[in-house]
Amino acid sequence: MVRRVLALPSGRIAVVVLVLVAFLAVLGPVLAPQNPLATSADTLTGTSGAHWLGTDYLGRDVLSRLLDGSRISVLGSLEVALTALVVGAVPGILSVYLGRAFEWITLRLADTLVALPFLLFAVAVIALLGNGISQAMLVTGVLVSPLFYRVSRAATLSVARSQYVEAAVIAGASVGWVVRRHVWLKVLPPIAVALAQTIGVGFVIVSSLTFLGIGVQPPAPTWGGLLASDLAYLSRRPWAPLAPAVLIMITVWACNLLADAIRDVSGEAGRALVNNRKARANRLDKAEPAPAGGA
Amino acid sequence: MTTTEAPAVPDVRRTVAAARARHTVGRVLVTLARSIAIFVPVFLVATFVTFALRALSGLSPARIQLGEDATPEAIARIEEQWGLNRPFLVQYGDWFNGVLHGQLGTSWTNGADISTLIGLGLGVSLSVATFALLIGVVAGFGLGTLAALRRTTWIDRAVTGFVTAISVMPAFVVGIVLVAVFAVGLGLFPSAGYIPAEQGFGPWLAHITLPAIALSFDVVADVARQLRSSLVAAYSENYVTGAVVRGLSPRRIFFRHVLRNGLGPALATLGLKFPSLVGASVVTEWIFGLQGFGRFANDSAQAGDVPAVQGVLVVSIVLVVVFNLVVNLVLARVTPASQRGV
Amino acid sequence: MTTLSEKLHVVDVEAEAERAEDTSVAADPAPVLSVRDVRISDRAGDREIVHGVSFVLTPGRAVGIVGESGSGKTLTCRAALGILPAHFEVSAGSIEIDGRDIAGLSSAEWTALRGATISAVFQDPASYLNPSIRVGAQVAEVIRVKKGVKRGEARRQAIALLRAVHLRDPELVYSQYSFELSGGMLQRVLIAAAIAAGPRILIADEATTALDVTVQAEILDLLADLREETGLALVVVSHDLAVVAQLCDEVLVLRQGEVVEQGPTRQVLHDPQHEYTRLLIAEHEQYGLDKFLAPQLAPTPDSQEDA
C-alpha cells in the first residue's frame, strides 16, 4: 500500500511535506540559530540578517522559537492520533464480537463523545485536570476517538458478515484468529485514512490549545503560542502570523492529502481510480474527441 | 377531530386524507422517538462526565477563596458550606436535579448565579454561531452545487481547490488573518468587542461578521464537499434516468429530484459540525475579545471555577442535542427513505 | 372495473383491427419509431458494441428484442431514448422518432420528446422512482409539466391513471413512498408515470425480470391492454423469450451486438433459422414454452393440457 500511495503525485507531495515536518520536529531545537528563550533589547523588529523572521515583544528570535516549538506541536498531534487510535479502534473492532451489552455501551459512549463540543471540553478538562501538554493530548485523543471507533467498527462489520468469515467460524476458528487473520487486513486501510486525518486534526487542536495558553508553561515556545503573542502586536508586525500560520496549514493540508491518497489507492475507490486512468489514457491516445452521451 | 372510519360513510377522500395525515404524524413521532432514544443516553453520559470532572480535578472552592496556605479546618468548613462533604452520588443527584430545573449553581470565585452569567454570554455566542452557520450553509451550498453541476471541469477543480484550502485553515488562524487584514489593515471592521442588536443592527452585524466568517470556514468546506459528492452520487442514480425518460427538464430534475436527495448528507454534516462550531467559539471569542460563553468557559476553567465550567458544558450539550434533534426532524421531512430502520 | 380507454380517451381502433387481421408484416405507412442499421461504439475502449440493428415500429404494434446480458439490447434502447452512458455513441445508422431523426436534437427538444412521444420502464422499478417524493406526486409531476394542467387536476388525473394500471386503492398508493410498495406495485406506478403524458412509444427494458411469475404475468397483461386500448407501440426487451413471445409481433434475437435472427414472432419461434435461437427455444421447451404460444390461457397445468 505504501508503494501505491507513493505512486500518486498527491501521495508523494504529502509524504515529502510530512517528512520535512518530522525532520523539523526532530532537529528543530538543534537547528535553532539562537536560544529561543533569550530575550533582548530589540523587540518587535522586522526581518533582518540576525533575525530572519524578526523578534517578538520580548526581543526573542522568532525563527528559533518556531523551530524549537515544532517538536511540541508534532509530538502533541501524534499523541492525539495514537491515543484516539487505541481508545477508538480497539473497542470498535471488539464491539462486533463482545456481545450486545458491550456494543450498546460503546455505541452510546461514542455518540456522546461526538456530541461534545470537543474544543470546549478539551479546554475545560485540561485546565481543570492540570496544565500539561501530555495530559492535554491524552484527553483530546479520547475526545476524537469516535472516528476510529466508527471506522473500525464499520470495516469489521463488513468482514464479520462476509461469508468467508462465517465459514471460518463454522469451521471452528476462534475470535482472536478471525480478527488477526481476516479483520485486520480489511480494517487497516480505513484506519490508516483516519489516522492521517486525525494527525491533521490533532495539529489544529494542539495549535488552538497552545494558542489559548493551555497545556504549556509560558516561556516554552509553540506554534500556537507564537500566533497568540503576534496577535497583540499586529499593528507593529502585521506579517508576523504568516510563518506559523503557513506551517500549521501546510502540515494539516499534507495530512489530508495523505488521507485522500490512502483512500484512493485502497478498496473499491482504488480500483475505480485505476480504471479511470486507463480510460483517460485510452481517450488521450485517440485524436478525435468523444462526445458524451445524452444526459 | 377524529377520523371517520365508518365504512358506511362513502367519503373515501377524507378517509384517505386522514390516513395520510396520520401517516405523516406517525413518521414525525417515530423520528422524534428514535432521536430522543439516542440523545437521552448522550445527555446522561455527558452530564455525568461533566459532573465527575470536579471529583477528578480535586479542585475545591476553599483553595480559590483561602489561597494555598489555608488550614485543613478552614478548608473543611468551606467544603461543608458548599455541600462537598456529602457522598458523590448524592451531590450528583442534587446537581442533576438543578440542571433539569435550569439551576446551574453558583460560581466558586464570586458566588454569582451561573445560569445568569451564561445567559449574558449566550447572546453573543449564539449571534456569532448562527451567523457562521448561515454563511456556512449559503456559501457551502453554493460552492457544492456549482462544483457538482460543473463536475470534472475547471470550475469544479477550482472550487474543490478552494474548499481544500479553506478546510485546512484553523479558525484561530483565519481569525488572526481577518483581524490583520480587515480590522487592522483596512479598518473596515472593528477588531474586537460586541454590541447587542438592540443597540443597532449595523454595529451588531459589524461586530459579529469577522468572528462568524472565521468560524464558518470549516462549515463551508465540509458542507461544500459533502454536497458536491452527494449531488454527484445522486446524479448517477436510476431515478434521475427515470425522470429524464419521463421528459422532465434538466433544471426541474436538479431542483426537485437531485437536490432533495443530495441535501440529506449535507444536512447531516451540518448536525455533526455544530459541536465543533460551539467548541471553536472558545478560540474566536478570545481573538475578537467577545464576552461570549466560550470565553467564559476558558476564563472559568483557567481560574478553576468548576461549577461555572460544568454549567457551560451542560449548556453546550443542550445546544448540540437540540440542534441535532432539529436536524433529524428536517432530515426526516426531506429524505423520508433514510429514516426507515436499516 | 373501468377500462383503460375510458380513462385515457385514446383508442386506436384501427391499429387493433389491423393487428387482428394480419400479424406478420407491418403495413402501417407512418412508423413511430424506425431504427436503421444502428451501430453503437464505446469511445473509451474504442470498440463497436452493437453492430447494426434495424426495425420499424408502427402504432399499436410491438417489437421484441431478445438476447443474453451484454448483447447490446439495453444500449439500443438507450440510444433511442438519447440516454447512452458517457462515452458511448451511435457511430452509424439512424434513429427516427415520429419522423424526426434524433441525431440533431437539442437538449430542449429531447426534453419535449421524452415522456410525450417516447417513454420507458426498466428493471428494478424501485430505483427509478425518487425515494424522497411520494410516488403519486411523481406521476402527477409528469402530467403537470408535460400537459400543463393545474396541480389539483394533475392529482386527479394521476389517481385515475394509478387506477387504470390496476392498482388497488390508488388514493392511498398516491401518498406512499417507493420503499413502502412492493415490486409489482412499483412497476405499475412506473408504467403509470411513463404513460402519463400519453407517449406513442413505450420501451419496456427487462420490465418484468425481477418480479415473481404471477406478478410478471399481470404486468405483461397490463402492457398488452395498453397496447390494444391506446395504440401504444411497444419495444419489449428481455432475456426471456417467453416474455417477448407473449407480447410481440416481431422478434429480434441479439447476440454479442449482432442480430442473428429477425422476423415475425410466430415464424421465429416455429422455424428458427439460427442455431442460437434454436438453443434459446430448446431451453425454454424444457420449462414449457408452449403455454405462452397460446397467450390468453391461464398458466395452470390443467388448462395447459386442455390446450
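Residue numbers start from 1 in every chain, and the chains themselves are labelled A, B, ... in the order their sequence lines are given, proteins ahead of strands. Predicted, not measured: the structure shown is a model, and the values here were computed from it.
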If one checks every heavy atom of C/Leu113 against chain B at 4.5 Å, the contacting part turns out to be neither
Worksheet item: Going by atom types only, do C/Asn130 and B/Asn261 share a side-chain donor-acceptor pair under 3.5 Å?
Response: yes
Counting heavy-atom pairs under 4.5 Å with chain C, the top scorer among B/Arg246, B/Arg256, B/Glu237 is B/Arg246
The interface call for C/Leu129 against chain B, heavy-atom contacts under 4.5 Å, is both
Okay, C/Ala197 and chain B: the region with an atom under 4.5 Å from a heavy atom over there is neither
Cut-off 4.5 Å, heavy atoms of chain B, and the answer for C/Ser178 is neither
The interface call for C/Ala193 against chain B, heavy-atom contacts under 4.5 Å, is both
C/Thr74 and C/Asp205: side chain donor to acceptor below 3.5 Å: yes
Should C/Asp225 and C/His166 count as side-chain neighbours, where that means a heavy-atom distance under 4.5 Å? yes
key: Lys/Arg N to Asp/Glu carboxylate O, C/Glu153 vs C/Lys150, below 4.0 Å   = no
ring-ring contact (aromatic ring centres under 6.0 Å, His included) evaluation trace for B/Tyr239 with C/Tyr128: CA-CA 4 Å; B/Tyr239 59 76; C/Tyr128 284 88; 9.3 Å; no
Worksheet item: Salt bridge check: are B/Lys273 and B/Asp222 linked by an N-O gap of less than 4.0 Å?
Response: yes
Counting heavy-atom pairs under 4.5 angstrom with chain B, the leader among C/Glu141, C/Gln138, C/Lys146, C/Arg78 is C/Glu141
